[in-house]
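Since the structure comes first, as structure tokens, the remarks are kept for the end.
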Amino acid sequence: MTKLDFVTMKSQYTMYLILAIIVLLFAIMNSSVTVLCFTCSWFVALTSSNIFAIQEKNNLNRLYGSLSVNLKDIVLGRYISVCLNYIISFLVIIVLYSGFTLFQNKEMNLQEVLFGFSLSFLIFSVIVGIQMPVFFKMGYTKAKVWSLVPFVAVMSLVVIPSYVDALSGVIEFMMSNKSVLIICCTLASCIIQFVSYNISVVAYRKGR
């Protein structure tokens, strides 16, 4: 199912080119690797819904029904393909960023890369983790408006804390313990993906 999703989304390869251009623009503006990772998270999450649009437009459920796979395989394949898109995009960013820093005779901090990955993966997991069950349950057309809700929610969580003194203190504490934060964000992301997958299986079964 993962291979089928990638074949279905051949046009997705242009996404990597667009992402590369965005990364280069941000790098020219001397943006940190964390900012680039954030860009990766929302950009890939934004394009992840395209497979559901193609599935609905071409009625791929009939194709899936003719394959020797069960419902859980269909859902799991979708989650794996979406996560692989994120990982590939992240690697594209790191390769381009490392090349840019090398060109400028700068050093790339490994902890900052891991920190950027953990936070961006958490943001990606929250957005996709909310979107996927909704798309599996309602289909692309009915769910495309609701799919914007997690984007608004995540952006609010990013912007609001900077204006709240109590939350600003929490953020400062977290930033001073990056190693712990990296582990916690990565674990939280995996849990979100696991819970979202199980909800999607139920939602897809009821929505068919």
Side-chain angles (χ1 to χ4, degrees), residues 1-23 37-93 120-158 188-208:
M1 286 306 304
T2 301
K3 290 171 63 178
L4 179 59
D5 276 357
F6 271 100
V7 171
T8 304
M9 292 298 296
K10 281 185 177 180
S11 59
Q12 189 93 339
Y13 298 142
T14 58
M15 178 194 79
Y16 301 125
L17 177 60
I18 296 172
L19 183 61
I21 294 173
I22 293 174
V23 169
C37 290
F38 282 164
T39 304
C40 172
S41 63
W42 67 257
F43 186 83
V44 178
L46 186 65
T47 58
S48 295
S49 61
N50 292 343
I51 183 63
F52 289 96
I54 294 175
Q55 176 182 337
E56 184 178 287
K57 181 180 179 181
N58 296 287
N59 196 17
L60 294 183
N61 283 328
R62 303 177 77 178
L63 172 62
Y64 299 159
S66 66
L67 301 175
S68 57
V69 293
N70 57 37
L71 184 144
K72 288 185 177 181
D73 291 332
I74 296 173
V75 177
L76 182 59
R78 182 65 46 83
Y79 272 80
I80 293 174
S81 64
V82 168
C83 287
L84 282 176
N85 267 329
Y86 168 79
I87 293 172
I88 293 171
S89 300
F90 175 79
L91 292 176
V92 168
I93 284 178
S120 69
F121 188 43
L122 180 59
I123 292 174
F124 169 79
S125 296
V126 170
I127 295 175
V128 172
I130 296 173
Q131 282 185 329
M132 298 278 269
V134 178
F135 280 125
F136 275 115
K137 173 66 176 178
M138 303 173 64
Y140 177 78
T141 301
K142 293 180 180 178
K144 62 181 179 181
V145 175
W146 291 103
S147 67
L148 298 176
V149 173
F151 282 97
V152 176
V154 169
M155 292 304 154
S156 298
L157 291 174
V158 172
S189 301
C190 294
I191 292 171
I192 290 170
Q193 292 284 351
F194 177 76
V195 173
S196 176
Y197 159 73
N198 284 281
I199 295 174
S200 291
V201 170
V202 176
Y204 193 39
R205 181 178 292 115
K206 292 182 178 180
R208 295 184 70 177

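By convention here, the first residue in the shown sequence is residue 1. Computed from a predicted structure; not experimentally measured.
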- request: Would you verify whether the NZ or CZ of R78 falls within 45 degrees of the ring axis of F52 while also being under 6.0 Å from that six-membered ring's centre?
  value: yes
message: Any non-hydrogen side-chain atom of Y64 less than 4.5 Å from a side-chain atom of V69?
response: no
- prompt: Does S49 offer a backbone N or O that forms a donor-acceptor pair with the side chain of Q131 under 3.5 Å?
  reply: no
message: Check whether E56 reaches the backbone of Y140 with its side chain - one donor and one acceptor, N or O, closer than 3.5 Å.
response: yes
Donor-acceptor contact below 3.5 Å, side chain Y86 vs main chain F121: yes
- prompt: Between S48 and I51, which heavy-atom pair has the shortest distance, and what is it?
  reply: O-CG2, 3.3 Å
- line: Nearest heavy-atom approach of V82 to V44 is O-CG1, 4.5 Å
task: Return yes if some donor-acceptor pair links the side-chain N/O of N70 with the main-chain N/O of K72 below 3.5 Å, else return no.
output: yes
query: If you measure from CD1 on I74 to OH on Y204, what distance do you get to the nearest 0.5 Å?
result: 4.5 Å
message: Donor-acceptor pair, distance only, cut-off 3.5 Å: does the side chain of N58 make one with the backbone of I54?
response: yes
task: For the residue pair I123 and W42, establish whether any side-chain heavy-atom pair is separated by less than 4.5 Å.
output: no
statement: Nearest heavy-atom approach of S89 to C40 is CB-SG, 3.7 Å
- request: State whether the side chain of N198 and the backbone N or O of F194 hold a donor-acceptor pair below 3.5 Å, judged by distance alone.
  value: yes
message: I'd like to know if the side chain of N50 and the backbone of T47 have a donor-acceptor N/O pair within less than 3.5 Å.
response: yes
field: Pair S196-Y79, side chain to side chain donor-acceptor pair (under 3.5 Å): steps then yes or no
entry: CA-CA 9 Å; S196 176; Y79 272 80; 2.5 Å; yes
message: I'd like to know if the side chain of S120 reaches the main chain of F38, judged simply by a donor and an acceptor atom lying under 3.5 Å from each other, with no hydrogens or angles considered.
response: no
- prompt: If you measure from OG on S81 to CE on M1, what distance do you get to the nearest 0.5 Å?
  reply: 8.5 Å
- prompt: Just by modelled atom types, is the F124 backbone N or O under 3.5 Å from a matching donor or acceptor in the S41 side chain?
  reply: no
query: Hey, mind stepping through F136 and V75 against side-chain contact (heavy atoms from CB on, under 4.5 Å) and telling me if it holds?
result: CA-CA 8 Å; F136 275 115; V75 177; 4.0 Å; yes
